[in-house]
Amino acid sequence: IKTDEDAKICAAAILSMYSSDDRVAPGVVSAKEVSVTRSDNGWSCSVFRENAFQGTVVFDSVGKCVSATKTYIGPLPS
């Protein structure tokens, strides 16, 4: 990872392949959906899909992925 655009593309790829439980399966995430925040420590990338999931990928200052989460935020079964 060298740029914010690199971070968006890589985060989208990671979140596309990532699943966290039975409710959040792998699925295509577009780089256009990814918001990036850059700091001295690296990049924090997030995606919010209403009634679906919230995902976050963090890259350190040299571009290594240090964490990825994808959490279901849709409606719960009644």
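Below, each value reflects all heavy atoms present in this structure, side chains not excepted, and no hydrogens, waters or symmetry copies. All values reported here derive from a predicted model rather than from experimental measurement.
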* What's the spacing between Thr71 OG1 and Arg23 CZ if we round to 0.5 Å? -> 9.5 Å
* Asked: In terms of hydrophobic clustering (I, L, V, M, F, W, Y; side-chain heavy atoms under 4.5 Å; direct or indirect links), are Leu15 and Val58 co-clustered?
  -> no
Specify the closest pair of heavy atoms between [X] and [Y], including all atoms of both residues, with the distance to one decimal.
{"X": "Cys45", "Y": "Val36", "result": "SG-CG2, 4.0 Å"}
{"X": "Tyr72", "Y": "Ala52", "result": "CD1-O, 3.3 Å"}
{"X": "Asn51", "Y": "Pro75", "result": "OD1-CD, 4.0 Å"}
{"X": "Lys8", "Y": "Ala31", "result": "CD-O, 3.8 Å"}
{"X": "Tyr18", "Y": "Ala68", "result": "OH-O, 3.3 Å"}
{"X": "Ala12", "Y": "Ser30", "result": "CB-C, 3.8 Å"}

* Evaluate the side-chain proximity of Asp40 to Ser61: yes if any heavy-atom separation is below 4.5 Å, no if none is. => no
* To do: State which residue, out of Asp4, Thr3, Thr37, fulfils the side-chain contact (heavy atoms from CB on, under 4.5 Å) condition with Trp43.
  => Asp4
* To do: Walk me through it: do Thr56 and Ser44 pass the test side chain to side chain contact (heavy atoms under 4.5 Å, CB included)?
  => CA-CA 7 Å; Thr56 303; Ser44 178; 4.2 Å; yes
* For Asp22, does the CG atom have more than 12 heavy-atom neighbours from other residues, nucleotides or ligands under 6.0 Å away? -> no
* Asked: Does Ser16 use its side chain to pair, donor to acceptor, with the backbone of Val29 at less than 3.5 Å?
  -> yes
* To do: Could you give me the CA-CA distance, side-chain angles and deciding distance for Cys10 and Val57, then say whether side chain to side chain contact (heavy atoms under 4.5 Å, CB included) is met?
  => CA-CA 9 Å; Cys10 291; Val57 179; over 6 Å; no
* Gln54: partners by side chain to side chain donor-acceptor pair (under 3.5 Å), with sequence neighbours left out -> none
* To do: May I have the step-by-step check of side chain to side chain contact (heavy atoms under 4.5 Å, CB included) for Ile14 and Lys70, ending in yes or no?
  => CA-CA 10 Å; Ile14 290 166; Lys70 197 173 182 184; over 6 Å; no
